[in-house]
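One structure is given below, encoded as structure tokens.
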Amino acid sequence: MSAQHPSQGPGPLVDGPQDPEHDPAAAYALEPGLVARLTRRVLATTGESAEVRSPINGAPLGHVPQSSEADVVEAFARAGRAQEIWARTPLDERAAMLLRLHDLVLDRQEEILDLIVWESGKARKHAFEEPLHIALTARYYARTAHEHLDTRRRRGVVPGLTRVEVNRVPKGVVGIISPWNYPFTLALCDGLPALLAGNAVVTKPDAQTMLTALLGAELLEQAGFPRDLWQVVAGPGSSVGTAIVERADYVCFTGSTATGKLIAQGCAERLVGCSLELGGKNPLLVLRDADLEKAAEGAVRASFSNAGQLCVSTERLFVADQVYDRFVERFVARTEAMTLGATLEWGNDMGSLISQQQLDNVTAHVEDAQALGARVLTGGRARPDLAPYFFEPTVLEGVTPEMACFGHETFGPVVSLYRFHDEADAVARANEGEYGLNAAVFSQDGARAREIARRIRCGTVNVNEAYAATFASVDSPMGGMRESGMGRRQGSEGIHRYTESQSVATQRLLRFAPMLGTSDETYAKVMTANLRLMKKLGRA
Ligand code: NAD
């Protein structure tokens with residue numbers, strides 16, 4: 001593994017007086033005024049603030065004002081008022097704003113990428129997936145707005161005499177609680193269909209990546225969305241997040257399974273809907289007919305993108321016995337060839353973990369596995385020489401059920417290799433455990449791979465690709481089975497969750513009661529004969 005050290009980092013981002021020649025830390029300063037400009041968007045009156053530090057070098061990036069429960073109440077009041085007007089704004093105007101957002105995100109890409117890397121420590125190429133995903137999502141929903149939201153005719157009970165139409169009515173104010181791992185896209189992507197459908201949003205991004213989420217809020221306003229329609233609050237999930245769950249008309253949550261269960265309970269109490277995008281222990285299957293070079297390249301991206309801090313990342317690699325040795329040789333070689341570094345510029349294949357807590361979790365999983373007899377084929381070490389929380393991409397062999405990393409999500413750059421003898425065995429082992437988020441199958445026989453995919457209990461399955469094929473195909477639903485979640489983002493499912501279906505039926509000539517002086521008994525006979533006739537005529 002080669003390394004890019006911070007001292008080889010980029011030039012200054014700032015117009016200010018810093019001189020990186022004399023003060024290397026100065027090369028790692030944010031644009032002056034950026035933090036003050038962004039944090040003004042947080043609705044917070046406590047007078048308290050929380051410091052944000054960069055995982056690149058541990059340096060402070062700024063302070064984010066903290067919200068109280070009263071601030072959340074005020075956020076909902078403002079959002080509610082804005083939503084009443086917004087729901088009457090023509091759909092084409094709302095869609096046009098999404099298309100403007102698409103252009104803004106592409107035009108201001110460098111600024112977005114810089115901030116994502118500063119706050120998360122991820123490699124720039126992994127940060128790029130975020131504006132890319134927002135642009136795809138914005139364009140998709142803008143161009144399909146009428147398909148999802150227009151009032152539709154349905155069959156009436158009496159053909160020709162009962163006219164039925166179904167309206168898509170916005171839920172009202174949607175609460176969005178998002179995590180730190182994809183701080184730009186996960187702060188915004190679920191909100192875009194909510195806005196398009198006529199809702200307002202109150203959002204609480206994760207404390208570690210507030211600045212990136214606030215840049216997203218600024219871009220929404222610049223695209224034309226009224227400022228009050230998108231309220232941002234900040235603070236601990238246990239208080240500020242709970243205050244959102246207690247008030248929202250619908251909750252969209254992305255985060256851990258443990259927190260997701262709490263959110264679901266809170267929503268059940270108030271009988272409001274929620275979608276939960278949670279964790280995974282995602283399997284990748286290499287079948288015996290796979291192209292091994294492609295599979296090894298795909299497995300590296302599947303396992304180490306965003307340093308494994310990716311809900312759809314692979315943590316279990318099942319490889320056919322016949323090709324196991326040849327695959328492992330290629331996979332380990334490709335892992336060792338990765339360029340590691342926590343710097344702002346392009347060129348790193350993997351960046352840093354985000355926090356000490358993440359480093360502790362990953363280290364604990366690897367040490368536990370080693371202590372119980374697993375072999376480290378490559379990696380296995382922290383790299384404080386690169387960044388405070390850096391951990392090498394790590395490949396384990398000989399992992400057994402008593403080891404923590406066998407069934408628990410590591411959420412880091414650690415993958416375990418397993419052999420399988422036949423495909424039924426591989427599918428059964430892929431389906432073990434409580435999770436069911438994402439899977440991948442590598443084979444040169446697409447039809448066979450798709451047949452295997454149908455038997456894997458995951459919400460998305462990628463054939464000959466790691467995770468991006470499903471994630472970037474925004475017309476198709478994305479989400480988890482079992483403890484990996486409830487509901488789906490993307491596609492029609494991803495926008496209909498934010499609407500109530502309202503049926504409006506207009507009846508003419510015939511009423512649903514005896515007519516022309518007939519008795520109830522005669523009415524029942526006529527209706528019975530009618531039901532039999534309708535079935536004979538093949539009507540639905
Ligand atoms: P987390 O559940 O601790 O936090 C996620 C968000 O929930 C944060 O904004 C946090 O402040 C908030 N929160 C915490 N406790 C809360 C509570 N009691 N009430 C309301 N809000 C609360 O998750 P994390 O550990 O920060 O994120 C990593 C997890 O997220 C991983 O398990 C990962 O798999 C999952 N994830 C899933 C997806 C997906 O699309 N399925 C995407 C990204 C991350």
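Starting from 1, each residue takes its place in the sequence as its number. Values below: all heavy atoms of this structure, side chains included; hydrogens, waters and symmetry mates excluded. Order of listing sets the numbers, starting from 1, for every ligand and every atom in it. Remember, it's a predicted structure, so these values are computed and weren't measured experimentally.
Residues Ile116 and Pro131 form a side-chain contact, since some pair of their non-hydrogen atoms from C-beta on lies under 4.5 Å apart. Residues Gln66 and Pro236 meet the side-chain proximity criterion, which asks for heavy atoms closer than 4.5 Å. Looking only at side-chain heavy atoms (C-beta outward), Asn181 and Ile354 stay at 4.5 Å or farther from each other. The shortest side-chain heavy-atom distance between Asp206 and Ser178 does not fall under the 4.5 Å cut-off.
Taking a 4.0 Å cut-off on heavy atoms, Tyr182 fails to register as neighbouring ligand 1. By the 4.0 Å heavy-atom criterion, Gln309 is excluded from the residues contacting ligand 1.
The backbone of Ser178, and not its side chain, has at least one atom closer than 4.0 Å to an atom of ligand 1 (non-hydrogen atoms only; backbone = N, CA, C, O). Neither the backbone nor the side chain of Val312 has a heavy atom within less than 4.0 Å of ligand 1. Using a 4.0 Å cut-off between heavy atoms, Ile244 makes no contact with ligand 1 at all.
Comment: Lys122 does not engage Glu129 in a salt bridge, judged by the lack of any side-chain N to carboxylate O separation of less than 4.0 angstrom. Glu434 and Lys281 are not joined by a salt bridge, as no carboxylate oxygen comes within less than 4.0 angstrom of a charged side-chain nitrogen. We find that Arg40 and Glu221 are not joined by a salt bridge, their nearest charged nitrogen and carboxylate oxygen being 4.0 Å or further apart. For Glu69 and Arg247, the salt-bridge test passes: some basic side-chain N is under 4.0 Å from an acidic carboxylate O.
Nearest to atom 33 (C) of ligand 1 among the protein's heavy atoms is Phe411 CE1, 3.2 Å. Among protein heavy atoms, the minimum distance from atom 40 (O) of ligand 1 is reached at Arg489 NH1, 3.0 Å. Among all protein heavy atoms, the one lying closest to atom 1 (P) of ligand 1 is Ser256 OG, 3.6 Å. Among all protein heavy atoms, the one lying closest to atom 35 (C) of ligand 1 is Gly255 O, 3.0 Å. Of all protein heavy atoms, the one lying nearest to atom 19 (N) of ligand 1 is Gly237 O, 3.3 Å. Nearest to atom 32 (O) of ligand 1 among the protein's heavy atoms is Glu409 OE1, 2.7 Å. In this structure, the protein non-hydrogen atom closest to atom 16 (C) of ligand 1 is Thr259 CG2, 3.3 Å. Nearest to atom 7 (O) of ligand 1 among the protein's heavy atoms is Phe253 CE1, 3.2 Å.
In summary, the atoms of ligand 1 found under 4.0 Å from a heavy atom of Gly279, numbered by their order in the structure, are 32 (O), 34 (O). The contact set between ligand 1 and Leu262, taken as ligand atoms under 4.0 Å from a residue heavy atom, comprises 18 (N). The Ile177 neighbourhood of ligand 1 comprises atoms 6 (C), 7 (O), 9 (O), 12 (C), 20 (C), 21 (N), with distances under 4.0 Å to a heavy atom of that residue. Each of the atoms 9 (O), 10 (C), 11 (O) of ligand 1 lies under 4.0 Å from some heavy atom of Lys204. Atoms of ligand 1 lying under 4.0 Å from any heavy atom of Thr254, numbered from 1 in the order shown and given with element: 5 (C), 37 (C), 38 (C), 39 (C), 40 (O), 42 (C), 43 (C). Taking every heavy atom of Trp180 and a limit of under 4.0 angstrom, the matching atoms of ligand 1 come to 24 (P), 26 (O), 27 (O). Remark: ligand 1 atoms within the under-4.0 Å shell around heavy atoms of Gly241 are 20 (C), 21 (N).
Nearest heavy atom pair, residue Glu119 against residue Pro55, reads O-CD, 3.3 Å.
Backbone and side-chain nitrogen or oxygen atoms of Leu186 are examined, and none is located within less than 3.5 angstrom of a nitrogen or oxygen of ligand 1. Close N/O approach between Thr257 and ligand 1 is not found [any backbone or side-chain N/O within under 3.5 Å]. For Cys311, no nitrogen or oxygen atom sits less than 3.5 Å from a nitrogen or oxygen atom of ligand 1, counting backbone and side chain alike. Residue Asn181 has no N or O atom closer than 3.5 Å to an N or O atom of ligand 1. Residue Ser484 has no nitrogen or oxygen atom sitting less than 3.5 Å from a nitrogen or oxygen atom of ligand 1, judged on distance alone. Between Leu278 and ligand 1, at least one pair of N/O atoms sits closer than 3.5 Å.
Taking the six-membered ring where the residue is Trp, the centroids of Tyr498 and His148 are separated by 6.0 Å or more.
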- Test log, rule salt bridge (charged side-chain N to carboxylate O under 4.0 Å, His left out), inputs Asp190 and Arg497: CA-CA 10 Å; Asp190 291 300; Arg497 63 185 157 158; 2.7 Å; yes
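Ser68 and Asp71 form a side-chain donor-acceptor contact under 3.5 Å, judged by distance and modelled atom types alone. Between the side chains of Thr254 and Arg489, at least one donor N or O sits under 3.5 Å from an acceptor N or O.
Distance alone, capped at 3.5 Å, places no donor-acceptor pair between the Ser484 side chain and the Arg482 backbone.
Tested against Asp249, the residues Asn199, Val174, Val173, Val272 include a single side-chain contact (heavy atoms from CB on, under 4.5 Å) partner, Val173.
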